[in-house]
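Working notes, beginning with the structure itself.
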Amino acid sequence: MIACQVAHTLFRTPTKIARVRSTAYLTRKGLFAHEAIPIDVLISPEQVVTDHVRRLIEHPGALQVLEFAGGLVQLVAVKAFYGGPLVGQDLAFLGKHMPNVETRVAAIYRRNRPIIPRGDTIIEADDEVFFLAARRDIRAVMSELRKVERDFRRVVIAGGGNIGERLAEHLEHSHQVKIIEHSLERCTTLSERLDRTVVLHGSATSKRLLEEENIEDCDIFCALTNDDEVNIMSSLLAKRLGAKKVLTLINNAAYVDLVQGGDIDIAISPQQATIGSLLTHVRRGDIVNVHSLRRGAAEAIEAIAHGDKQSSKVVGRTIADIDLPEGTTIGAIVRGKEVLIAHGDVKVESGDHVILFVIDKRRIRDVERLFQVGLSFF
């Protein structure tokens, strides 16, 4: 906050972005204004991670859930399981099999290598499939790629810090929530602030405690402490004792790829979850949303098209006619409240929100230039 104040006062820096962790600052109206503390964009890592975990709990079976256009469109990553209706079928079959559902496969990762999807691309078991669809259609598409998982009801959270508390606060009225916290003082605070959450004093790595709390009946175990080793070991123990799914917060990015996909179902890197909030404001052009994917290897971008056919490289053109950078696909267009899944004959209009998937981040600058308006527009 002080750095932003210095940048504004001494150097007249036009845009100031600050990461602010304490919720006490975020709830004070008028604190972050040019006449007070001049910060234009506030990023709360805990809130970003909490929202990320919440969306995963709301979509059982998803590896990643991202929202665009105020939640009208979602990008979901799932692993295709052997025996799924679409495994062994080409993507053209998806439209025939689900004629009433509009969706678009944005990318496929097979053995950690990206594949640009085409109509004749065949989905294989264990493929990581990224697809875009209107929010209302997400569950229907997921059911085609993997076995339908019942909604999570029983949630156990290891760690009663800011993230654990916020998640419990959001879930406690629709789920059965328990928090395990090692600090007695923090347990007292949590029990006063939360209404229906059961607060347990103890260690998440205690086999006895997990067994006493019937961890085998737990739908999802979320390890959200500040200690990577505690998160990893408690997750492995919970899974060994019968927890149906485990989600683990890991600060050391080098650990994420090591643990995900084995006994740990979902590993989350706070840095990767948060970086999209920053990238949104440093990208050129009118960029509304940026999400970093695959540990930074790819990006999903929501850009607003401006101008006309003379001044813009996208407005007034059909998707088939847009000269997209290599490795880039347009997944959907949001026009007002209408969601248009990208087909070759869809024409882009000024003001449209265009959602793109870029598998090669070296092409990001080309995508930005695509949405910059020429001088003839002004």
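Just so you know, residue 1 is the first one in the sequence shown, and it goes up from there.
- Using a 4.5 Å cut-off between side-chain heavy atoms of Ile, Leu, Val, Met, Phe, Trp and Tyr, V20 falls into a hydrophobic cluster with M1, Y25, L26, L31, F32, I37, I39, L42.
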List, one per line, each side-chain donor-acceptor pair under 3.5 Å for residues 322-331, sequence neighbours excluded.
from: E326; atom 1: OE1; to: R363; atom 2: NH2; distance (Å): 3.4
from: T328; atom 1: OG1; to: P325; atom 2: O; distance (Å): 3.3
from: T329; atom 1: OG1; to: A106; atom 2: O; distance (Å): 3.3

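- Under the side chain to side chain donor-acceptor pair (under 3.5 Å) criterion, H59 pairs with Q74, not counting sequence neighbours.
- Partners of A168 by side-chain contact (heavy atoms from CB on, under 4.5 Å), not counting sequence neighbours, listed by chain and number: I157, V177, I179, L194, T197.
- With sequence neighbours left out, K313 forms a salt bridge (charged side-chain N to carboxylate O under 4.0 Å, His left out) with no residue at all.
- Among residues two or more places apart in sequence or in another chain, the salt bridge (charged side-chain N to carboxylate O under 4.0 Å, His left out) test is passed with K244 by none.
- Between the side chain of E302 and the backbone N or O of A69, at least one donor-acceptor pair lies under 3.5 Å.
- Between Q5 and T9, the side chains place a donor N or O and an acceptor N or O closer than 3.5 Å (distance only, hydrogens not considered).
- Remark: Y109 pairs with F130 by the ring pair (Phe, Tyr, Trp, His ring centres under 6.0 Å) rule, at least two apart or across chains.
- By the 4.5 Å side-chain criterion applied to Ile, Leu, Val, Met, Phe, Trp and Tyr, F11 is assigned to a cluster that also includes I2, V6, L10.
- The residues E368 and R365 are annotated as salt-bridged, a charged nitrogen and a carboxylate oxygen being separated by less than 4.0 angstrom.
- Checked by atom type and distance alone, the side chain of D219 pairs as donor or acceptor with a backbone atom of R154 at under 3.5 Å.
- Residues meeting the ring pair (Phe, Tyr, Trp, His ring centres under 6.0 Å) test with F131, sequence neighbours left out: none.
- Side-chain N or O atoms of D127 include one that pairs as donor or acceptor with a backbone N or O of E124 at under 3.5 Å.
- Ion pairing between a basic and an acidic side chain is recognised when a charged N comes within 4.0 Å of a carboxylate O; K239 and D265 show such pairing.
- Two rings, from F68 and H291, have their centers less than 6.0 Å apart.
- Within the structure, salt bridge (charged side-chain N to carboxylate O under 4.0 Å, His left out) pairs that include any residue of residues 163-176 comprise E165-R186, E165-R193 (at least two apart or interchain).
- Judged as a salt bridge (charged side-chain N to carboxylate O under 4.0 Å, His left out), and not counting sequence neighbours, R12 has no contacts.
- In the model, S292 has no side-chain atom that pairs as donor or acceptor with a side-chain atom of E299 under 3.5 Å.
- For H8, the ring pair (Phe, Tyr, Trp, His ring centres under 6.0 Å) partners two or more places apart in sequence, or in a different chain, are H34.
- Using modelled atom types, no side-chain atom of N214 and backbone atom of D217 make a donor-acceptor pair closer than 3.5 Å.
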